[in-house]
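Note that the structure is a prediction, hence the values are computed from the model and not measured. For the numbers below, each heavy atom of this structure counts, side chains included, while hydrogens, waters and symmetry mates do not.
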Amino acid sequence: MAKSIVSAVLEKLSSLLMIPGEIKHNFELALALEEEIGKVIAHFQDIQSVLQDAESKQVKDANVRNWLKKLKDVAYDVDDVLDEWNSEKLKSQIEKEQKEARNFPLLKKMRNSISSFTFQTILYYKIASKLNGVNEQLDSIATEKDRYKFGLEKVVEEPRRLITASFIDDEEVYGRCQEIEILVNMLVGENSSGGGLKLPVISIMGMGGIGKTTLAQLVYNHSDVECHFDKRIWICVSDPFDEVRIAKEILEAFKGGSSNLVGKDNILQEIRSHVSGKKVLLVLDDVWSEDATRWEQLKTSLKHCSPGSRILITTRNEKVAIIMGTTSSNLFLLNTLSLEECQSLLSRRAYYGRTREECENLDDIGWKIAEKCQGLPLAAKILGGLLRFKRTREQWQNVLDSEMWDIEEAEQDLFPPLFLSYYELPLALKQCISYCAVFPKGMILRKDELIKLWMAQDYLKGVRCEEMEIVGEEYFDELHMRSFFQDFRGDELDRGIMKYKMHDLIHDFLLVLMKTECVMLVNHDSEELKVDLSCGRARYGTLIRKEAAPTEPNIFRFRKLRSLLIDSSYHDTSSLRLYLPRLFDQLTCLRTLNLSNGLFRNSIEELPDEIGKLVHLRYLNLKNNKKLKELPESLCGLCNLQTLNLKWCDSLKELPCGIGKIINLRHLENDQTNLSLMAIPKGIGRLTNLQTLSLFVVMGNSDTSTLEDLQNLIHLRGLLKISGLGAVCDVTEAKKAELENKKGLRTLILDFTISKGLMSNRWQRDDGRLLEALRPPPCLEELEIWWYSSPTISANWMMGLTKLSHVSLGYCLQLKSLPPLGKLPSLESLYIGGMSRVEKVSVEFLGVEREEILAPSSSLESPSSSVIAFPSLKHLEFEFFDLEEWEDWMPLTSREEHISIMPRLCSLTINSCPKLKALPYYVIHNTSLKQLNVSQSPILSERCRKETGEDWLKISHIPSIMIDSVCIQVNCSSVEEFGVLQFQPLHRGCY
C-alpha cells in the first residue's frame, strides 16, 4: 500500500507545479509555496525508487515495516493537505459564481473580490506552512532510508512458489469423489467431444488452497485416464510462463530423458513429430500468465495429436482459463469441502497417535476448528498438523479461540499461497482489495456499493477518461475472476442486484496486510471499547455497535481515519446523536462515513451543523434513518461529496436549499422517500455529474425544481421515479426534461399523483399528452405508470421500447381499455392493478393488427411464422382490488386461433376480480404455465375448484395451483418455492 499512496500523491503534486495566478504578484508567498512543493516531490521521487525493494524486505524486517508505516503516514497527510487545498479552491469558485449570478452592485462585487483574494492568500500561506512541516518529516524518513541500503530499481525477489509433481497419496485425500467423476468423464467419457475443438482445454479454477492441484493429481492418476491416453505429461508451470522451458519438459517426457536441442522452433518441431498420431493428456498446473502470445505457438505444435487428446490446466484466474482457450462448458469451478470432509481431513492429522479416549475428549472442539477452516483443504491440513502437537483440551481451545492471523503456522504456511495471488495484482487492484479488510468477516457485499466506496478513496482513476464507475466495474470483475470474491445468491426478488462474499481466509489475509492501517472496534456488554493504541494513526475503521454505548466510544482516538463504517445492525442510530457533533468536529479526514440504520423504526432525527467540517467527505450513507426529518444547510458545503444515500429516510420532508453547490455529487439515492419528501430544491439542475437520482418530486411552484431541471442531467442512469406529475399542466415543461437523451436510464416510474398540500387541477390536466412528452430512451427495460387519469394510453413511443422487460400499470382509474402490450417483444413480467373502468380485456390487448387477425392460417408459410402475442411474457398479474367492472377476458374467435399467445407464460395471478367469469382457453391450455394463483375472485375460484370445478380438468396440468390462499395442487419442492417464484411488482409502495 505504501507504493500506491506515494504514487497517487506524486501524481497530484505534479499537477501543482504551476503556481496559481492569483498569488503570483506575491513573490515571497509564490516562491515559498513552489519551493515546498518541489521539496516534497523530490523526497517522494527519491523514496519511490527504492519502494519495491523496501516492500519486499518488510516481510522479514520489522524495522523496514516501521519505516514504511512512517512513510505511509506522511503520504496520507500530504494527500489530505492537497485535498484540503483543492476543496477550498472549489468552494471559493462556487461562491464566486453564485455571487456573480446575483447581479450585485459594482461596489459590493469589489468588496466580494477583495474578500475572496484575502481568503486565498491566507489559504496558500496555510498550505505552505503545512507542507513545510511535511518536509521536515520527510527529511527524517529519507535519512533513515539510507540506513537500510535499499537497492535502486531492484527486481523484487518473488515469493517462493511450490513446484508440484503428478504423484499423490490418495489416502491423504477426503471428499472430491463427485468432482473426480465429472472431470474424468470430461477427459475420457463418450460425450467428451470437447465441443468440436481440435484440442480442448479443460480448466480447474478456484482460490489458492482450495485443492486444484490435488484434484488434478487424482484425475491424472485415475485408472480410466491412464488407459485412455497413449501419453500423459505433467508440467508445473507457475510464474513466469517460460514457454521454452515448458516445451523442453514436454519433449523430455516423450523422449524419456534430457534433450540437447536448443532454440524454441527446433523444440516445437520435435514436439510436433512426437505427438503426431498419439492421444495425449497434458496437465499444466498453476498457470498465471495472461499473455496469450506465449501460449499460442506451443498449443499449435500440440494440435497434431490424435482426436480425444486433452489439455488440463489449474488456475486461480478465470481470465487465464479463457486466454488458454477454455470454453464455458469446459470451465470447472472448484468449490470448498463440506464440513464433514474438512473434519475428516483435519482429524487424520490432528488425532494421529492418540487413543480413542483422547480423540473422543477432543472431538467437539475438533469439529468447531474444522468449521473455522471454511471448507479449505489447505487450512484443514495446516491446522491438523498444528493440533497434532497440542496435547491438552485447553491447548485445542486456545487454537479455536485464536484468530487465524494470530496462529504462527497459518501465517507461515497458509497465507503464502494467498500472497501469491495478491502479489500478481496491478497496483490499483491491490488498493481496492486491501480496502475490503474494513468489512466485518462474512459480510455480504453489493458490487455497486463497493465501487462507490472505492471511488470515495480515490482508487478509480481511469486511463482513458473513463467514468469512475466503469473503471470500478472493470476492477471488481478482475478481482472476481481472480477468485478474491465469491458469488452470493440472494432471493430472486432482488432483481439483478449483484451480491458477493469474501472467503474468511482471504479476509484474514487482508487484515494481516492492513494490520497498522485498519482497525475493527466492537463494543460489547456495555463496556468501553478497548483499543490497541499502536493503531492510533489507522486510516480505515469499523465500529460494530453490539451495545448502545452509554459512554463515548473510543473511536475519537483515531483522528486520521479516512473511512468509518458504523455497523448499527444490533442497535438503532438514535444513541449516536450525542456523539455526532464531536465526531464531525474531530474526525475531519473522513472520506467515507456510513451512519446507516438497521431495520429499526427509531433513529437519529437530525444531523448537526458540524457535518460541514468534513471537507474531504465523498460518501455519506444515512440509509434507513426513518426519523431523520431534515438535513442541515452546512451539508451543501461538502463540495467533494459524490454519494449521498437517503434510502428509506421516510420522514425526510425536504433536501437542503443549497444542494446545487454539491457539484461533484454523482449518486443521490433517495428512493422510498416519496411519502414524505415534498419537493426537490432549485439548483438540482446544476449537478451535471449526477448518475443516480432515484426520486424527483414535482411540486408545481416557482420555489422548487421543475421537470425542466432534469434537462442537463444527461448522465442519469439506472432508476428514475418522477412523482407529483399530477401538478404539471404545461406539456412543454415535460418535453424540456429530455428523458429520451438520458441513455443510461433503465427503469422509469411515472407517478401522476399530486404532491401534498396542492389543490387538484384535474380540469387542467391532460395526462395523455404529458405521457407522450415524457418519451424515455429506447433502451429502457422497466416502465411503471401509476395514477394516470386519461381514458387511454396511446403514447406512440411505448411500442417502440423493444428492450422493455417489465411493465406495471396501477390505479389508472380513468383507463377504459388496456394498451396493446402484446407487441412488446421482450416483455417478461406484467402487473395490472386498480383499473376501475376496464370492463373487458379484448384482443386489442394482444397487440395484433387487424390484417394479422384476418390472415387465414393456410396462408402462413410455416408454424414458425405464425403471429405471436406476448412472445416473452413469463409472469402476469391482475389485481383489481374489488373494483367490480372487469367481467370478460375475451377468448379468440375461430378466425384468430392461428395466433400464438404467451407461449412462455410461467405464472398467472388473479386477485380481487369478483366479476371475472372465466379464463380464456389460451391461458388454461398453456402447457408452459407452472403456477396459478386465484384469490378474492369467487366466480373464477369456483370454476377452478379441485375435482368439482368446471375448469378443473383443463387446469389440472398446472403443477402449482393456489385458490384463495390454499394450495390445492403443489408439485414443486415446497410451498416456499411457489412464493419465491411468484411474480411481484417492482414498486408496490407506489400505490
Side-chain angles (χ1 to χ4, degrees), residues 491-497 718-719 745-750 776-785 793 795-810 817-833 841-849 852-853 855 860-879 889-892 896-910 919-933 957-960 972 977-978 980-987:
D491 62 66
E492 296 188 14
L493 299 183
D494 277 342
R495 287 191 171 271
I497 293 175
L719 162 70
L745 281 184
R746 294 295 177 266
T747 300
L748 179 63
I749 304 173
L750 301 175
C779 50
L780 197 72
E781 296 174 1
E782 298 174 330
L783 174 67
E784 302 198 359
I785 300 173
I793 293 178
N796 292 325
W797 49 259
M798 188 178 292
M799 297 310 127
L801 300 177
T802 57
K803 296 185 178 179
L804 202 62
S805 63
H806 166 79
V807 171
S808 283
L809 302 177
S817 61
L818 299 179
L821 299 176
K823 289 183 177 182
L824 296 171
S826 303
L827 186 64
E828 294 186 4
S829 58
L830 173 61
Y831 170 82
I832 297 174
V841 174
S842 60
V843 71
E844 286 75 20
F845 175 57
L846 303 178
V848 180
E849 301 296 337
E852 293 174 322
I853 295 174
L860 298 174
E861 296 177 6
S862 68
S864 62
S865 66
S866 63
V867 180
I868 304 176
F870 293 105
S872 303
L873 191 66
K874 296 178 181 177
H875 307 286
L876 175 60
E877 182 168 356
F878 288 101
E879 194 165 23
W889 189 344
M890 303 298 291
L892 297 180
E896 301 159 348
E897 289 179 354
H898 63 282
I899 301 173
S900 174
I901 302 172
M902 306 178 190
R904 302 178 63 190
L905 188 66
C906 295
S907 71
L908 172 65
T909 298
I910 307 289
L919 297 175
Y921 84 91
Y922 58 76
V923 169
I924 59 179
H925 286 287
N926 193 325
T927 56
S928 67
L929 191 60
K930 298 292 184 282
Q931 302 170 40
L932 174 64
N933 184 2
H957 65 93
I958 301 172
S960 300
C972 52
E977 183 181 348
F978 182 97
V980 168
L981 292 177
Q982 183 181 349
F983 166 64
Q984 297 289 333
L986 276 177
H987 299 276

**Student:** Whether Glu781 and Arg746 form a salt bridge (side-chain N of Lys/Arg under 4.0 Å from carboxylate O of Asp/Glu) is what I want to check.
**Tutor:**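 Yes, this pair counts.
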**Student:** Are the side chain of Ser928 and the backbone of Cys906 linked by a donor-acceptor contact shorter than 3.5 Å?
**Tutor:**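 Such a contact is absent between Ser928 side chain and Cys906 backbone.
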**Student:** How far does CG of Leu804 sit from CG of Leu783, to the nearest 0.5 angstrom?
**Tutor:**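 One gets 5.5 Å once the value is rounded to the nearest 0.5 Å.
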**Student:** State, yes or no, whether a side-chain contact exists between Ile793 and Met798 at a heavy-atom distance under 4.5 Å.
**Tutor:**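 Result yes, sub-4.5 Å side-chain heavy-atom pair found.
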**Student:** Does any non-hydrogen side-chain atom of Met799 lie less than 4.5 Å from one of Pro820?
**Tutor:**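 In short, these two side chains touch, coming nearer than 4.5 Å.
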**Student:** Could you tell me which non-hydrogen atom of Val807 sits nearest to which non-hydrogen atom of Leu824, and how far apart they are?
**Tutor:**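 Of all heavy-atom pairs spanning Val807 and Leu824, the closest is CG2-CD1, 4.3 Å.
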**Student:** Quick one: does any side-chain atom of Ser872 pair with a main-chain N or O of Glu828 as donor and acceptor, under 3.5 Å?
**Tutor:**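 It does not hold such a pair.
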**Student:** Looking only at the aromatic ring of each residue, does the gap between the centers of Trp889 and Phe845 stay below 6.0 angstrom?
**Tutor:**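 No - the distance between ring centres of Phe845 and Trp889 does not fall below the 6.0 Å cut-off.
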**Student:** Working to the nearest 0.5 angstrom, can you tell me the gap between Leu876 CG and Thr909 OG1?
**Tutor:**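 Rounded to the nearest 0.5 Å, the CG-OG1 separation comes to 8.0 Å.
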**Student:** Verify the ring-centre separation between Tyr922 and Phe870: is it less than 6.0 angstrom?
**Tutor:**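 That pair fails the under 6.0 Å test.
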**Student:** When rounded to the nearest 0.5 angstrom, what distance separates CE in Met902 from CG in Leu827?
**Tutor:**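 Here the interatomic distance stands at 9.5 Å.
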**Student:** I'd like to check the side chain to side chain donor-acceptor pair (under 3.5 Å) partners of Trp797; sequence neighbours left out, ordered by chain and number.
**Tutor:**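 Side chain to side chain donor-acceptor pair (under 3.5 Å) list for Trp797, sorted by chain: empty.
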**Student:** Could you pull out the closest heavy-atom pair between Leu745 and Pro777, with the gap in Å?
**Tutor:**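 Closest approach of Leu745 to Pro777: CB-CG, 4.0 Å.
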**Student:** Residues in side chain to side chain donor-acceptor pair (under 3.5 Å) with Lys823, at least two apart?
**Tutor:**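 Per chain and number, Lys823 pairs via side chain to side chain donor-acceptor pair (under 3.5 Å) with Glu849.
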**Student:** For Ala869 and Pro903, which heavy atoms make the closest approach, and how far apart are they?
**Tutor:**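 Taking every non-hydrogen atom into account, O-CD, 4.1 Å.
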**Student:** Please answer whether the main-chain N or O of Leu908 pairs with a side-chain N or O of Asn933 as donor and acceptor at a distance below 3.5 Å.
**Tutor:**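 The answer is no, because no donor-acceptor pair under 3.5 Å joins these two groups.
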**Student:** Calculate, to the nearest 0.5 Å, the distance between atoms NE2 and CD1 belonging to His925 and Ile958 respectively.
**Tutor:**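 Answer for the NE2-CD1 pair, His925 versus Ile958, is 10.5 Å.
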**Student:** Does any part of the side chain of Ile899, heavy atoms only, come nearer than 4.5 Å to the side chain of Ile868, both counted from C-beta?
**Tutor:**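 Side chain of Ile868 against side chain of Ile899, heavy atoms only: no contact under 4.5 Å found.
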**Student:** Evaluate the side-chain proximity of Leu919 to Ile910: yes if any heavy-atom separation is below 4.5 Å, no if none is.
**Tutor:**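 Yes, side chains in contact.
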**Student:** Any donor-acceptor pair under 3.5 Å linking the side-chain atoms of Ser907 with those of Gln931?
**Tutor:**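 No, no side-chain donor-acceptor pair sits under 3.5 Å.
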**Student:** Hey, what do you get for CG (Leu821) to CG (Leu873), rounding to the nearest 0.5 Å?
**Tutor:**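 Leu821 atom CG to Leu873 atom CG measures 9.5 Å (nearest 0.5 Å).
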**Student:** Roughly how far apart are Lys874 NZ and Leu830 CG, rounded to 0.5 Å?
**Tutor:**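 One gets 15.0 Å once the value is rounded to the nearest 0.5 Å.
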**Student:** Which residue in the set His875, Glu877, His806 passes side-chain hydrogen bond (donor to acceptor under 3.5 Å, both in side chains) when paired with Ser829?
**Tutor:**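 So the option named by the test is His806.
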**Student:** Do you know which two heavy atoms are closest between Thr927 and Lys930, and how far apart they sit?
**Tutor:**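 Looks like O-NZ, 3.6 Å.
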**Student:** When you compare the side chain of His957 with that of Ile924, does any pair of heavy atoms fall below 4.5 Å?
**Tutor:**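 The answer is no, as the side chains (C-beta and beyond) never meet within the 4.5 Å cut-off.
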**Student:** Using modelled atom types only, decide if a donor and an acceptor are shared between the side chain of Ser826 and the backbone of Thr802 within a distance under 3.5 Å.
**Tutor:**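 Yes: the side chain of Ser826 pairs with the backbone of Thr802.
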